[in-house]
Amino acid sequence: MQPHEMQPHEIGTLRAATRGTSEFIHFNNAGSSLPADNTVDTVIRYLQEEAINGGYETEARYAAGLDHVYALIARLINARPDEIALVENASTGWLLAFNGIDFQPGDEVITSEMEYVTNHLGFLNGKRSHDIRLTVIPNDAEGNFDLQALEKAINPKTRLIAITHVPSAAGNILPIKEIGQIARRHDILYLVDACQSVGQLALDVEGIGCDMLAVTGRKYLRAPRGTGFVYIRKTAQDKLRPLFFDGHSVASVSENGFMALDSARRFELYEKSRALTLGLGAAVQQALDLGLDRIEKRIVYLAASLRNKLAAIPGATVHDKGKHLCGIVTFSVAGMEAVKVKATLQEKKINVSISRTASTPVYMNQHHLDVIVRASVHYYNTDQEIDTFCATLAAICPAPAAAGPSFSASGS
Ligand SMILES: Cc1ncc(COP(=O)(O)O)c(C=O)c1O
């Protein structure tokens, strides 16, 4: 074992400081992970203070701490605090960035087959409202994003490259740095959906070279639900049209005009949960303290072990393909609907989720997948939990003779 790896005693400590780990085997971290007790307590304490002292008065007392959250996020992704806007979820962040682009009819967006439904809807809406064109780069036969196909697809009409780092319904990691190099070389705006990767993979917006990056808090970052942020590079801020303003997103306003703030905060509105903002900050602080490289290594190790053990269970088919895989493990069970697998595991105190076609429509259709099971591991999960999970699954898998077709899919 390498000295930088997370040791069993450290995992034990982290689990002891996470109430939920004693209740369930939580393999739904790609849905919403278990927050650390300190994060939950930070939110509760703040709400209690608000109830006693008043919302505005409490905010004034915590002004420095609230402001510091931007600095923490900036450290997490190697950005500047004035390049961060807080939002409630990744969809809002992504839509603020995408819809802020002044698309002209015929402008082209290039994307991957792994896009989440929000992004897919954004593209379709852009087609409808601005007559944009969409080019989807299919994965190659091994399940990897095809960089050469991207390079070939670029033309003078290409306005945006929009890529999901880690998809919702598969375990592959897209090569966002290499894609960024191509975007930079052609001077094309580059939007990254890092909803599933933040908190599980090290992110560096300078290394990625993206102009915008959208994130949610509740997944691998272990922040409370209803938190997120969007990064907008300083040089891209004036290229995007804010969709709305309030009195706090402007530097000045008069009867006849206004001046927007000279920072990403021009894309935010004033009213938001200060308690949740501090909770987000606590979660980011913990991720920074643990180190994203260590977190990533542990998650990738656990997920690889889970995939290997799943593949050995008769009737189970793992779907993840590609050179680089992360903490999301997707599979089907022969003769048992994904919904039933999930419900049966839940009765046995194991949380997983399912992914339907609509979540990642192009990929799911491309591979003829209908509904699949998603087991997503975090660093606080353990080898023992993986063994219990696999033993439980093996016990509920229908006997091969009774199994019938493996899943409502013909490929992948
Ligand atoms: C890859 C990906 N992008 C975006 C989103 C949307 O995130 P949110 O629900 O926070 O808007 C999700 C949610 O599951 C996702 O998996």
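All values below were derived from every heavy atom in this structure, side-chain atoms included, with hydrogens, water molecules and symmetry-related copies excluded. Just so you know, residue 1 is the first one in the sequence shown, and it goes up from there. For clarity, every value in this text was computed on a predicted model and none was experimentally measured. Ligands are counted one by one from 1 in listed order, and the atoms in each one are counted from 1 as well.
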### Query
Which residue supplies the protein heavy atom nearest to atom 14 (O) of ligand 1, what is that atom called, and how far is it?
K219 NZ, 3.0 Å
### Query
Given R19 and D41, is the salt bridge (Lys or Arg N to Asp or Glu O under 4.0 Å) satisfied, shown in steps?
CA-CA 11 Å; R19 287 170 201 134; D41 294 343; 2.8 Å; yes
### Which residue and heavy atom of the protein sit nearest atom 9 (O) of ligand 1, plus the separation
R218 NH2, 2.8 Å
## Note on the structure
Going by the 4.0 angstrom heavy-atom rule, the piece of D193 near ligand 1 is side chain
### Task
Using the six-membered ring wherever Trp is involved, compare the ring planes of Y270 and Y56 and label them parallel, tilted or perpendicular (cut-offs 30° and 60°).
perpendicular
### Summary
Per-atom filter on ligand 1: closer than 4.0 angstrom to a heavy atom of T164 are 1 (C)
### Message
Tell me whether the NZ or CZ atom of R222 lies within the 45° cone about the ring axis of Y380 and under 6.0 Å from its centre.
### Response
no
### Query
Which is it for K340 and I396 under the side-chain contact (heavy atoms from CB on, under 4.5 Å) test, yes or no, and what are the steps along the way?
CA-CA 10 Å; K340 176 91 171 127; I396 66 171; over 6 Å; no
### Query
Which residue owns the protein heavy atom closest to atom 11 (O) of ligand 1, what's the atom, and how far is it?
S91 OG, 2.6 Å
### Task
Scan side-chain atoms only and decide if S263 and R80 contain a donor-acceptor pair under the 3.5 Å cut-off.
no
### Query
Among protein heavy atoms, which lies nearest atom 10 (O) of ligand 1, and at what distance?
T216 OG1, 2.6 Å
### Among D82, D67, D246, salt bridge (Lys or Arg N to Asp or Glu O under 4.0 Å) partner for R265
D67
### Query
Using heavy atoms and a threshold below 4.0 Å, how should the contact between C195 and ligand 1 be classified: side chain, backbone, both, or neither?
side chain
### Query
What residue among K234, R233, K177 forms salt bridge (Lys or Arg N to Asp or Glu O under 4.0 Å) with E206?
R233
### Message
Is it true that E151 and H186 share a donor-acceptor pair across their side chains at a distance under 3.5 Å?
### Response
yes
### Query
Judging by distance only, is a nitrogen or oxygen of A90 under 3.5 angstrom from one on ligand 1?
yes
### Message
Under a 4.0 angstrom heavy-atom cut-off, which atoms of ligand 1 come close to N89?
### Response
8 (P), 10 (O), 11 (O)
### Query
Closest non-hydrogen protein atom to atom 1 (C) of ligand 1, residue and atom name please, with distance?
V166 O, 3.6 Å
### Task
Taking only heavy atoms of S168 into account, list the atoms of ligand 1 that are under 4.0 Å away from them.
1 (C), 16 (O)
### Query
Does a donor on one side chain and an acceptor on the other come within less than 3.5 Å for H26 and S33?
no
#### Entry: Residue and atom name of the nearest protein heavy atom (relative to atom 16 (O) of ligand 1), distance in Å to one decimal
Q196 NE2, 3.0 Å
### Task
If you have a sec, work out which protein heavy atom is nearest atom 6 (C) of ligand 1 and how many Å separate them, to one decimal?
Y116 CE2, 3.3 Å
